[in-house]
Amino acid sequence: MADPRGPPGPLRPQRGRSAVSEVPYRFEVTHAASEIAQRWGGLSAGEESGDVVSVAGRVMLLRTQGKVAFGELRDSSGSIQLFAQAGATEDLEDFVRLNLGDWIGASGEVVRTRRGELSVRVRTWTLLARARRSFGDKWRGVTDTETRSRQREVDLWANESTRSHLLVRSEIVRAMRERLWAGGFVEVETPILHPIPGGALARPFVTHHNALDADLYLRVAPELYLKRLVIGGFERVFEIGRSFRNEGISPRHNPEFTTLELYWAYADYLDMMGLVEELVAGVASDVVGTARLTYQGRPLDLTPPWRRATMAELILEQTGHAVDVGMERDELAALLAETGAAVDPSWGTGKLMAEYYEKTTEGALWGPVFVLDYPEEVSPLARRHRAGPGLVERFEPVLGGRELGNAFSELIDPDDQRARFVEQARRRAAGDDEAMVLDEEYLRAMDYGLPPTAGLGIGIDRLAMLLTDTANIREVIAFPTLRPERAGGDSAG
RNA sequence: GCGCCUCUAGCUCAACGGCAGAGCAACGGACUCUUAAUCCGCAGGUUGGGGGUUCGAAUCCCCCGGGGCGCACCA
């Protein structure tokens, strides 16, 4: 358990000098640990550089030997050895009493010890923070998944891969922004508090605004507001931000998650496929240096072009059954029932086909592959397919056996949109609490004219999992959602 | 929400029906070139919580709680 009561005994005794009140207000750092390794890496064993530097970080290891001591100081760039010595280091008797995890700043000459370790030979040093609690086993770290997620500040010091996962995530967002800016896309922010939840089929979180005395919903997707910006004349917009869905937590789902949503006027879903494969492969190259990945032991080559295949084609490939939305409902329902899935009597052939795809085919795809042409019945915001009746121009990119996102030629006809909303409202009334709510505000906006537009959503957390080769979404979210710790008590019921 | 697994010292783990232990950290000490330093010493526990079975429970059973995985839903 993650220590909900605080430490069971007293906190570790405080030794040595330096109450917190004596800690300085600032410390002048001249070099990061990695810079010292780069600049003075050429020193030979026993050599002294004559150059004095100041470094700061946590003391992660400490080996004392009477009148001499060696410590590993870790900062955000890496580690550097501190070498303290009687006659050279002030307050040596306090230095050797530092606790692992204490945060210090130290100044001294860059030297390489006789045994060959590049070091800062400490002349002066100052305590910057005490670690009143320990960071766990210095060799094995912290492995308890709950502690790692709940106390990420501990995990970050105990397990170096955690830092690198979060750094990769940060680089992904940076690379994505730079590529989109270069493509003429404008980054915007739209409301997170929505009067009506819309833009996706999902259950929302509800909250309340006191002054307005109105219920508001945390957005399940920014889609509708972004399309209103297109109506307003932003021809290329994107937003990178959080959405919230009141649904289960799993290794691939967090109740709050980050997406890129992007709208591109005058383009269709075919154009969007080109953008997606270039963007994802490009970001991979920018961040990890290659588009040829290995994910969970299997190769995954993101180099464009990606395979494009319709849902019907992929189902046929996987199951041997030719399926389409125009077939007899009973026949399709029988096929789905064979998979063991429950069949709801209210489902039409579109929903049945989508369910059948998910049960039989999706998990078997490795990709990258664009799965094209979804049933209209499960796509209330996508435009009818120019060729196939009952279908829409929609695709999902599937990578590593999981959908990475969702895109379509946007539905631009206000009358069609109203009809789709009415159908959603009918389902909602029939008990489907993931169905959409009719949004008059959005329909009014559509009346002003939405030009042909392609829209896209990509899961940033999922992309970060791919590029860090991690199987659990917690590994790429700094503070994943967990059940709240109970205040002031233990876990007894 | 359902099923399975799991919870022992601050951390990492033993003990699996018969005296709750080790390593690391912490605490006290030795040591002037260490690399998870080493050595000596000391301390640390309502075995997640509660109930039951038993001569005896960390261990078996039940309830509750946390976490993990799978199913369902979804990105």
Side-chain angles (χ1 to χ4, degrees), chain A residues 1-15 45-46 60-72 79 81-89 92 96-97 99-101 111-117 119 121 131-150 154 158 200-203 220-221 243 245-261 340-342 355 358-359 396-398 402-406 432-434 457-463 465 471-474 482-486 489-493:
Chain A
M1 289 243 1
D3 192 16
R5 292 169 283 191
L11 292 172
R12 14 204 295 184
Q14 298 305 295
R15 298 182 301 184
M60 297 307 286
L61 294 172
L62 190 60
R63 299 176 285 275
T64 69
Q65 212 168 295
K67 298 293 199 298
V68 64
F70 303 89
E72 180 188 316
S79 295
Q81 178 167 271
L82 298 180
F83 175 30
Q85 198 176 23
T89 304
L92 181 69
V96 302
R97 295 164 75 91
N99 283 344
L100 297 193
V111 303
R112 196 178 282 282
T113 60
R114 293 208 288 272
R115 298 292 287 268
E117 188 72 30
S119 308
R121 187 168 57 199
R132 300 170 68 189
R133 302 171 191 254
S134 74
F135 281 92
D137 191 293
K138 69 185 180 186
W139 183 239
R140 305 168 93 155
V142 175
T143 58
D144 178 68
T145 52
E146 184 178 359
T147 306
R148 288 191 53 227
S149 299
R150 232 184 250 289
V154 175
L201 303 167
R203 295 212 303 247
V220 295
S243 287
R245 296 188 185 173
N246 205 340
E247 284 163 0
I249 296 174
S250 86
R252 287 159 295 277
H253 300 88
N254 198 61
E256 48 181 303
F257 61 102
T258 302
T259 58
L260 163 71
E261 281 221 10
E355 287 287 317
E358 284 171 18
K359 283 284 177 303
E396 289 193 357
V398 173
R402 284 279 158 184
E403 66 256 48
L404 182 70
N406 186 17
D432 181 354
D433 52 9
E434 286 172 4
I458 283 185
I460 299 294
D461 312 274
R462 293 275 176 86
L463 182 57
M465 289 169 67
N472 197 305
I473 199 168
R474 288 190 312 263
L482 294 172
R483 193 178 295 275
E485 296 182 65
R486 295 191 175 199
D490 60 21
S491 49

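Proteins get letters first, then strands, A, B, ... in listed order; numbering begins at 1 in each.
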Original post:
Are OP1 or OP2 of B/C27 and a side-chain N or O of A/N99 less than 4.0 angstrom apart?
Top reply: yes

Original post:
Once you round it to whole Å, what is the distance between P of B/C69 and CD1 of A/I249?
Top reply: 11 Å

**OP:** Taking Watson-Crick and G-U wobble pairs with both distances under 3.5 Å, convert RNA chain B into its dot-bracket string, 5' to 3', dots for unpaired and | for cross-strand pairs.
**Re:** (((((((..((((....[..))))..((((.......))))......(((((..]....))))))))))))....

Original post:
Between A/R245 and B/C73, does any side-chain N or O lie under 4.0 Å from OP1 or OP2?
Top reply: no

Original post:
A/R474 near the nucleic acid: base, sugar-phosphate alone, or nothing, with a heavy-atom cut-off under 4.0 Å?
Top reply: sugar-phosphate

Original post:
How would you label the contact of A/G459 with the nucleic acid (heavy atoms, under 4.0 Å): base, sugar-phosphate, or nothing?
Top reply: nothing

**OP:** Evaluate whether the aromatic ring of A/F257 and the six-membered ring of the B/A75 base sit under 5.5 Å apart, centre to centre, with an inclination under 30°.
**Re:** yes

Subject >> Touch class at under 4.0 angstrom, heavy-atom based, for A/S119 against every strand present >> reply: nothing

Original post:
Reckon A/E434 touches a base, only the sugar-phosphate, or nothing at all at heavy-atom distances under 4.0 Å?
Top reply: sugar-phosphate

Original post:
With a non-hydrogen cut-off below 4.0 angstrom, is A/Q65 in contact with a base, only sugar-phosphate, or nothing?
Top reply: base

Original post:
What is the nucleic acid contact for A/G87, judged by heavy atoms within less than 4.0 Å: base, sugar-phosphate only, or nothing?
Top reply: nothing

Subject >> Sugar-phosphate only, base, or nothing, as touched by A/N246 at under 4.0 Å among non-hydrogen atoms >> reply: nothing

Original post:
Hey, is the side chain of A/D137 pairing donor to acceptor with the base of B/G23 inside 3.5 Å?
Top reply: yes

